[in-house]
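Both backbone and side-chain heavy atoms feed into the values below; hydrogens, waters and symmetry mates do not. In what follows, chains carry the letters A, B, and so on, assigned in the order in which the sequence lines appear, proteins first and then strands, with residues in each chain numbered from 1.
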Amino acid sequence: MTARTAHDSFKGWPPPVLDPAGPFATPLSTLTWGLLAMCVLVMAVVLTALAIALFAPRSWRRRLGGERLVWIAGLGFPVVVLSALLIWGLSLTARLTEAPRPGDLRVRVTGEMWWWRVAYLDAAGRETFQDANEIHIPVGRPVALELESTDVIHSFWVPRLAGKLDMIPGRRNVLRVQADQPGTYSGQCAEYCGGAHALMAFVVVAHAPDDYERWRAGAARPAEASLHKAPGALVFQNSGCGACHSIRGTTANGVAGPDLTHVGSRRTLGAGVLPNNTGTMAGWIADSQAIKPGNRMPAYPVLNGQDLRATADYLESLK
Amino acid sequence: MRAHIDLTGGERPSSAAQEPWPPRRVEVRGYPGNSVSGRSKAAGAAMIGLAGAGLLACAEKPSPIRQITGADPKRGLAVIEQEACGVCHDIPGVAWPKGQVGGSLAGFADRALIAGRFPNRPEVLTRWLRDPPALSPATAMPATGLNEAQARDVAAYLYTLDDR
């Protein structure tokens, strides 16, 4: 079997909601259940009043028809309940969107049609390196995600770690996430953003702190120089792939598409839609338009079979 | 040799020397609006009967050769979905993706050749599924990394894909 099967690639998919796995998702879950309980309660009261009005003896109905009840149940009760819920909700979620504090781990996630550009920032907010469609974080530590968009409104949603937050062109929204346990937490664009919106998924990978440091050191490095001697590297270069894609350590320095420096170690291709293996890589390059219509990468039917395989082999070797 | 009777004027039949060539076009009448005499009705029925006999002859498959002992088409389909073979192939039974890079595999059980080059037999197909470039260096289909058992399961699934 190739490096990773679909089973591993899509671990945690579809993401369960109301199953919080971190301190920023728990209050949302609590709030959701609280609101639901309140809705059920109010519904029960209203239906009971309706039943009384329709079927109860005259004395009961007279009591229900008084003006005092309209003032109390019709105005006073909603004002009190809704205000209380609003205050409770705001206080529960206030911490979720706080601005990054010094010492926070900062990651900038940019929504693009239809994938996620992920830039790891240093303490001063400068970009250190880029990746795509996967966000790696250490467990037990809050991470400030700076959410942006380059084209249309997307919405960042990883239900087990945080609430939805829109990514709005020209704005930077901050969303804090934290995972308590190592694992993979799936996410999905939650705001219709065009044709391939449904095919715009991602995953948050939470590592134990040591593993995270190891991962980050590896991801920040360019791919091993010897890998670029593979026959596929030449095809990649000659076909102009570097106009849109970067492979750090080579002449490929395009910024329109995802950084491919370590593409072989990603869990999925096409933003969470395909398992990542040589076959899917070759198929994606040859005709990504058949898989994800309208995506910004053109189909490459010009490559012959051998070149296509060589390119896929090369890209898969970039671990 | 299979009897192959083409009633619409296609390639020359290979084993039916007694058939006139080119074969006559069969005109089936009797649709609403057509006036059909009793005689032509009978002739039409005879022709349809003949056509039916021809189809039956076609339906005889050399099926035992496509049997793979111990392989399970269901497991094969699971492997196909895991590896996302659908990225390049339109495979009946796989809802998505339905790629167009490597061609549809509908009716694969009825195909004479694998990739237009190799006899469509279980042992050849299994080898092909594991490492196509070893058989055909110019192919675009990469080595899949499947093990023998997985490749046999996938082959078993592909042999369930007949045209009928």
Side-chain angles (χ1 to χ4, degrees), chain A residues 1-11 13 196 198-199 201 230-232 235 264 267-293 295 297-317, chain B residues 74-91 93-106 114-118 125-155 157-158:
Chain A
M1 186 93 15
T2 35
R4 237 185 268 267
T5 65
H7 187 253
D8 299 324
S9 307
F10 299 114
K11 226 170 165 186
W13 183 267
L199 300 178
V235 181
R267 283 158 177 71
T268 62
L269 289 185
V273 301
L274 297 172
N276 186 6
N277 61 48
T278 317
T280 54
M281 182 67 87
W284 176 268
I285 297 167
D287 192 5
S288 69
Q289 293 299 327
I291 300 158
K292 191 166 171 173
N295 88 79
M297 176 161 160
Y300 274 83
V302 292
L303 297 178
N304 69 33
Q306 263 164 314
D307 286 350
L308 186 63
R309 269 194 293 115
T311 312
D313 277 338
Y314 166 60
L315 292 174
E316 288 298 324
S317 77
Chain B
K74 265 196 211 123
R75 284 198 307 254
L77 179 59
V79 171
I80 287 171
E81 290 185 329
Q82 265 176 28
E83 293 294 305
C85 306
V87 167
C88 293
H89 299 285
D90 184 343
I91 307 167
V94 176
W96 186 90
K98 288 189 171 291
Q100 291 153 14
V101 177
S104 168
L105 299 181
I114 300 165
R117 294 190 62 180
F118 306 103
L125 180 57
T126 308
R127 271 181 68 198
W128 173 267
L129 287 171
R130 297 188 66 184
D131 193 0
L135 289 170
S136 174
T139 181
M141 181 165 162
T144 54
L146 297 181
N147 64 34
E148 181 71 19
Q150 288 169 326
R152 284 162 61 90
D153 288 341
V154 172
Y157 182 76
L158 295 182

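- Contact check for B:Tyr157 versus B:Ile91: side-chain heavy atoms found under the 4.5 Å cut-off.
- Residues forming a salt bridge (Lys or Arg N to Asp or Glu O under 4.0 Å) with B:Arg127 (at least two apart in sequence, or on another chain): none.
- Not counting sequence neighbours, B:Arg117 has no partner by the salt bridge (Lys or Arg N to Asp or Glu O under 4.0 Å) test.
- A donor-acceptor contact shorter than 3.5 Å is absent between the side chain of B:Gln100 and the backbone of B:His89.
- Only the side chain of A:Leu199 has a heavy atom closer than 4.5 Å to any heavy atom of chain B.
- For the set A:Leu274, A:Asp313, A:Asn304, the entry with the most heavy-atom pairs within less than 4.5 Å of chain B is A:Leu274.
- Contact annotation for A:Ile291: both backbone and side-chain heavy atoms come within less than 4.5 Å of a heavy atom of chain B.
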